[in-house]
Participant: 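Have a look at the structure that comes next, please.
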Amino acid sequence: MALTGESTILVPVDVSTVEPPDSGVLELLQPVNVVVLGWYPVPKQTAPAHLKADHESEAAARLATVVDQFAATDHEVESVLVFTKDRRDSIDRVADQYDCDAVLMPGEGGPIDRLLVPLRGDVNLERIVTLVGELVRASDASVTFFHAVEPDADPSQGEFVLRGAADRLSEEGVERDRIEWTLSERDEPRADIVSLASEHDLVILGETEPSLRERIIGAVLSPILDEIAIPAIIVRDID
């Protein structure tokens with residue numbers, strides 16, 4: 001099926017278990033295209049072909065169930081089934097193959113009314129704000145931009161970044177009263193993001209690592225993802 005929307009999000013799903021997408025995520029992703037990556041974990045000492053021969057039918061059925069849930073809400077959906085020893089490698093490879101703009105990481109489900117969007121200056125800013133606009137234009141969700149400056153830095157630099165992001169999102173059609181920002185002058189952006197995440201329903205982060213293998217779920221983002229309970233969307237820096 002040809003994808004027709006603006007942005008495409010990769011949704012990895014462990015098809016060795018029943019892992020249905022959360023209703024809040026289904027609703028949030030309605031405006032964008034979706035590629036569902038059904039991945040079946042393969043132990044180190046096991047040949048993928050052997051496991052595939054034994055479990056391909058059940059894995060394909062579980063993947064089809066997930067795809068049907070996205071398709072039922074008028075998403076444009078494609079799907080891929082892989083048997084893999086390396087989930088991260090599969091995510092990177094399929095995200096590249098389908099030219100995905102972002103990757104969804106699962107978390108505790110529920111209605112998604114508040115989005116937290118940490119920004120690293122103007123790094124990947126245009127792509128992040130564009131995707132946020134696509135996701136929230138048709139909803140009532142509010143957006144909180146976050147940026148941290150060094151304790152001895154001029155806070156006006158951070159305010160400039162945040163105000164610019166808010167202006168850009170407003171230009172994307174999101175009402176200004178749904179946009180907030182938080183500027184931190186502490187030297188602990190990771191702790192600030194984790195703390196703020198507890199007050200929000202989903203976090204949207206830009207990828208950070210330069211290498212293909214590590215850039216989506218690399219060393220910088222992994223600790224944050226490990227500490228937050230809510231779903232996260234990682235926006236790829238592919239310009």
Side-chain angles (χ1 to χ4, degrees), residues 1 3 7-22 25 29 32-67 69-70 75-108 118 120 123-124 127-128 131 190 193-194 202-239:
M1 179 183 295
L3 300 176
S7 295
T8 300
I9 293 185
L10 181 67
V11 180
V13 176
D14 181 353
V15 288
S16 69
T17 63
V18 178
E19 192 178 284
D22 176 75
V25 168
L29 298 190
V32 299
N33 303 312
V34 171
V35 176
V36 182
L37 167 61
W39 62 278
Y40 198 106
V42 178
K44 290 183 179 179
Q45 304 303 322
T46 302
H50 178 73
L51 207 63
K52 183 177 180 180
D54 290 342
H55 298 284
E56 184 173 21
S57 295
E58 67 182 70
R62 286 171 177 162
L63 176 57
T65 299
V66 174
V67 170
Q69 294 182 62
F70 279 104
H75 295 84
E76 294 287 347
V77 183
E78 291 192 322
S79 63
V80 185
L81 175 62
V82 300
F83 286 74
T84 180
K85 295 183 179 182
D86 191 326
R87 179 179 67 103
R88 292 185 179 185
D89 178 72
S90 296
I91 290 173
D92 274 338
R93 178 172 51 78
V94 174
D96 263 359
Q97 181 181 351
Y98 285 83
D99 196 23
C100 295
D101 299 281
V103 177
L104 173 73
M105 307 306 295
E108 292 182 359
R120 292 178 296 129
V123 178
N124 209 13
R127 183 177 291 273
I128 292 172
L131 179 61
R190 178 179 129 191
I193 292 170
V194 171
L202 182 138
V203 61
I204 297 180
L205 298 151
E207 66 178 1
T208 58
E209 299 294 325
S211 67
L212 177 63
R213 176 178 166 76
E214 292 293 327
R215 69 187 188 184
I216 290 180
I217 322 171
V220 175
L221 293 184
S222 289
I224 294 175
L225 297 176
D226 288 343
E227 292 185 53
I228 64 175
I230 60 177
I233 290 176
I234 313 302
V235 181
R236 304 177 68 214
D237 187 2
I238 52 179
D239 290 333

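Counting begins at 1 with the first residue of the sequence. Because the structure is predicted, anything quoted here is derived from the model rather than measured.
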Participant: Give me each pair satisfying side-chain hydrogen bond (donor to acceptor under 3.5 Å, both in side chains) with a member in residues 40-53, each pair once, sequence neighbours excluded.
Facilitator: Tyr40-His55
Participant: Any heavy-atom pair between the side chains of Asp92 and Asp89 that's under 4.5 Å?
Facilitator: no
Participant: Which heavy atom in Arg62 sits nearest to a heavy atom in Thr17, and how many Å separate them?
Facilitator: NH1-N, 3.6 Å
Participant: So do Val15 and Val66 actually touch side chain to side chain, heavy atoms under 4.5 Å?
Facilitator: no
Participant: Would you say the side chain of Arg87 lies within less than 4.5 Å of the side chain of Pro41, judging by non-hydrogen atoms?
Facilitator: no
Participant: Enter the distance from Leu10:CG to Met105:CE here, rounded to the nearest 0.5 Å.
Facilitator: 9.5 Å
Participant: Are any non-hydrogen side-chain atoms of Asp99 and Thr8 less than 4.5 angstrom apart?
Facilitator: no
Participant: Work out which heavy atom in Asn124 is nearest to a heavy atom in Gly206; give both atom names and the distance.
Facilitator: ND2-CA, 4.4 Å
Participant: Taking the side chain as everything from C-beta on, heavy atoms only, tell me whether Pro106 gets closer than 4.5 Å to Val25.
Facilitator: no
Participant: State, to 0.1 Å, how close Val32 and Ser7 come at their nearest heavy-atom pair, and which atoms those are.
Facilitator: CB-O, 3.5 Å
Participant: Out of curiosity, Ile128 CD1 to Ile234 CD1, how far, rounded to the nearest 0.5 Å?
Facilitator: 9.5 Å
Participant: Taking only residues two or more places apart in sequence or in another chain, which ones pass salt bridge (charged side-chain N to carboxylate O under 4.0 Å, His left out) with Asp101?
Facilitator: Arg127
Participant: According to salt bridge (charged side-chain N to carboxylate O under 4.0 Å, His left out), who are the partners of Glu108, at least two apart in sequence or on a separate chain?
Facilitator: none
Participant: Any chance the side chains of Asp86 and Thr84 put a donor and an acceptor closer than 3.5 Å?
Facilitator: no
Participant: Mind checking whether Val67 and Val13 have side chains closer than 4.5 Å, heavy atoms only?
Facilitator: no
Participant: Residues two or more places apart in sequence or in another chain: which of them pass side-chain contact (heavy atoms from CB on, under 4.5 Å) with Val194?
Facilitator: Glu227, Ile228
Participant: Is there side-chain contact between Val80 and Tyr98, with at least one heavy-atom pair below 4.5 Å?
Facilitator: yes
Participant: Would you say Glu207's side chain and Asp237's backbone share a donor-acceptor pair under 3.5 angstrom?
Facilitator: yes
Participant: List the atom of Phe83, the atom of Val42, and the distance in Å for their closest heavy-atom pair.
Facilitator: C-CG2, 3.7 Å
Participant: Can you name the nearest heavy-atom pair linking Val36 to Val34, along with the distance?
Facilitator: CG2-CG1, 3.8 Å
Participant: Looking at Arg236 and Asp96, does any basic side-chain N land under 4.0 Å from a carboxylate oxygen?
Facilitator: yes
Participant: Which residues pass the side chain to side chain donor-acceptor pair (under 3.5 Å) test with Ser79, not counting sequence neighbours?
Facilitator: none
Participant: I need the Leu29 CG to Ile233 CD1 distance, nearest 0.5 Å.
Facilitator: 5.5 Å
Participant: So, for Cys100 and Val94, which heavy atoms are closest and what is the spacing to 0.1 Å?
Facilitator: SG-O, 4.5 Å
